[in-house]
Amino acid sequence: MIFSKIKATGAYVPEKIVTNDMLSQYVDTSDEWIRSRSGIERRHFSDGENTSDIAAKAAIEILKNGNINPLDIELIIVATVSPDYTTPSTACLVQSKIGASNAVAFDLAAACSGFIFGFSTADKFIKSGVYKNALIIGAEVLSKHLDFNDRSTCVLFGDGAGGVFLQASEEECGVLAEELGSDGSRGMSLTCAEKKASNLFNQAEEAKDSFLHMDGRTVFDFATRQTPKCILRLIEKSSISADCLKYVIPHQANSRIVEVISKKTKIPLEKFYMNIAEYSNTSAATIPIALHEMMQKELLQQGDYILMAGFGGGLTWGGLLVKI
């Protein structure tokens, strides 16, 4: 049987750090207001780099850490909802920037669940024998879609990219259990950059803006109800008990959400890795950035079991129980 092994991780965040106090100079908010409601202390904002730029820098870090030749890459998936263009895809731009001319490249849009969806997709390609390896990146420049007159959303998001390189392996590793899900009936609770169907023969009113809009209460309720169920079902599907999990890597959206998830699953909060204070919500990039950070800190070793769980626009959710 073929498995998908994590060979290398990597990440990149823009150098510009924006603290809560810095934001409060422009937005009607405060450090205490933001931290108490989200756990966020700062975020990184692009200083001109677009999504393909930071995704490519994360990719280069992954290739360096895994001693991987870009010409050997067979598949590139970039999970993003903030692409440079509608077309070409961000993945194709990354392919060009890193010189991976032999790779098939495409984007995947599942918002904050995007990296989980991308990892799952690549896992299937590898397990079926279509490809022997894959580069999966979650990358977002959300700052270009923030309305800084809307303090309920603009303080929550940041920019960043992270990812993994998967390769085929005969040893039991990689994805041992998974769950992906979508609830389009609540999709309008998180929207960004609507484009009306308007043309020469159908004049539609232009959308008001290209900003990100979120019904925070609905998303909070969705996340705290669906994510614990997803985590418990993954544990039930696998032969791995919650006690055997080294860490749970949740989507870094809100520290209060993670606290609720911990309480509902009865998994100790200390097993949930969080870095939201530093990076805020970088959507599809939060989980791979956290995973890479954990690798750098040597918190994870070969043979460890982790559970990655995300939720986001669509609405979508997903979880993977993975053996490193």
Side-chain angles (χ1 to χ4, degrees), residues 1-12 51-52 54-81 83 88-110 113-140 160-180 249 283-292 295 300 302 306 308 310 316 318-324:
M1 185 172 179
I2 302 174
F3 295 90
S4 300
K5 182 180 180 63
I6 298 176
K7 178 177 174 64
T9 64
Y12 173 82
T51 306
S52 68
I54 66 172
K57 290 180 178 179
I60 290 170
E61 175 76 5
I62 295 167
L63 300 185
K64 176 184 175 183
N65 292 337
N67 192 26
I68 300 158
N69 185 333
L71 293 176
D72 292 334
I73 302 173
E74 297 184 2
L75 173 65
I76 299 173
I77 300 175
V78 174
T80 185
V81 288
S89 70
T90 305
C92 282
L93 295 175
V94 170
Q95 182 214 43
S96 175
K97 290 175 188 288
I98 67 174
S101 57
N102 295 320
V104 175
F106 61 87
D107 286 358
L108 188 153
S113 307
F115 177 74
I116 298 294
F117 278 48
F119 196 116
S120 172
T121 301
D123 175 64
K124 305 304 176 297
F125 274 116
I126 292 174
K127 284 181 175 176
S128 66
V130 176
Y131 300 117
K132 294 183 176 64
N133 63 61
L135 176 65
I136 306 97
I137 299 170
E140 307 284 8
V164 299
F165 187 85
L166 298 181
Q167 68 176 17
S169 174
E170 293 183 358
E171 63 178 289
E172 185 181 19
C173 59
V175 178
L176 303 183
E178 70 172 89
E179 176 175 303
L180 305 179
I249 309 176
S283 187
T286 68
I287 291 175
I289 289 174
L291 177 60
H292 176 61
M295 290 293 196
L300 296 174
Q302 186 172 346
I306 61 172
M308 300 182 286
T316 60
L320 301 172
L321 199 156
V322 173
K323 183 178 181 181
I324 300 294

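- Closest approach of Phe115 to Ala79, counting heavy atoms only: N-CB, 3.8 Å.
- The shortest distance between side-chain heavy atoms of Pro88 and Leu93 falls below 4.5 Å.
- With Ser113 contributing its side chain and Ile116 its backbone, the two residues share no donor-acceptor pair below 3.5 Å.
- Here the SG-CZ distance, from Cys173 to Phe3, works out to 7.0 Å after rounding to the nearest 0.5 Å.
- At distances below 3.5 Å, at least one donor-acceptor pair connects side-chain atoms of Thr316 with backbone N or O atoms of Ala110.
- Between Leu180 atom CG and Thr121 atom OG1 the span is 7.5 Å, to the nearest 0.5 Å.
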In a table with atom names and distances, give each donor-acceptor pair under 3.5 Å that connects a side chain of residues 99-108 to protein atoms at least two apart or in another chain.
residue: Asn102; atom: ND2; partner: Leu71; partner atom: O; Å: 2.9
residue: Asp107; atom: OD1; partner: Thr90; partner atom: N; Å: 3.2
residue: Asp107; atom: OD1; partner: Ala91; partner atom: N; Å: 2.8
residue: Asp107; atom: OD2; partner: Thr90; partner atom: N; Å: 2.8
residue: Asp107; atom: OD2; partner: Thr90; partner atom: OG1; Å: 3.4

Problem - side chain to side chain contact (heavy atoms under 4.5 Å, CB included) between Leu300 and Leu291, intermediate numbers included - result: CA-CA 9 Å; Leu300 296 174; Leu291 177 60; 3.8 Å; yes
Exercise for the section: I would like to know whether His292 and Ile62 meet side chain to side chain contact (heavy atoms under 4.5 Å, CB included); could you show each step before the answer? Expected result: CA-CA 9 Å; His292 176 61; Ile62 295 167; over 6 Å; no
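- With sequence neighbours excluded, the residues forming a salt bridge (Lys or Arg N to Asp or Glu O under 4.0 Å) with Lys57 are Glu49, listed by chain and number.
- In terms of heavy-atom proximity, Gly10 sits nearest to Asn65 at CA-ND2, 4.3 Å.
- Considering CZ of Phe119 and CG of Leu166, their distance stands at 4.5 Å, rounded to 0.5 Å.
- The two atoms that bring Met308 and Val322 nearest to each other are CE-CG2, 3.8 Å, heavy atoms only.
- Listed by chain and number, the residues in a ring-ring contact (aromatic ring centres under 6.0 Å, His included) with Phe117 amount to none (sequence neighbours excluded).
- Of all non-hydrogen atoms in Glu140 and Val81, the two that sit nearest each other are OE1-N, 3.0 Å.
- Between Val94 and Ser52, the shortest heavy-atom distance links the atoms CG2-O, 3.9 Å.
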In a table with atom names and distances, give each donor-acceptor pair under 3.5 Å that connects a side chain of residues 127-139 to protein atoms at least two apart or in another chain.
residue: Lys127; atom: NZ; partner: Asp123; partner atom: OD2; Å: 3.3
residue: Lys127; atom: NZ; partner: Val175; partner atom: O; Å: 3.2
residue: Ser128; atom: OG; partner: Lys124; partner atom: O; Å: 2.9
residue: Ser128; atom: OG; partner: Phe125; partner atom: O; Å: 3.0
residue: Asn133; atom: OD1; partner: Glu74; partner atom: N; Å: 2.8
residue: Asn133; atom: ND2; partner: Asp72; partner atom: O; Å: 3.0

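- Here CD1 of Ile249 is found 12.5 Å from CD1 of Ile289. Values are rounded to the nearest 0.5 Å.
- Residues Pro288 and Gly163 approach most closely at CB-N, 3.5 Å, considering heavy atoms.
- Applying the salt bridge (Lys or Arg N to Asp or Glu O under 4.0 Å) rule to Glu171 yields the partners Lys5; only residues at least two apart in sequence or on another chain are considered.
- Annotation: salt bridge (Lys or Arg N to Asp or Glu O under 4.0 Å) contacts of Lys97 (sequence neighbours excluded): Asp53.
- For the side chain to side chain contact (heavy atoms under 4.5 Å, CB included) test with Phe165, the passing option among Thr9, Ile6, Ile68 is Ile68; the others fail.
- Note that CD of Gln302 is 8.5 Å distant from NZ of Lys323, once rounded to the nearest 0.5 Å.
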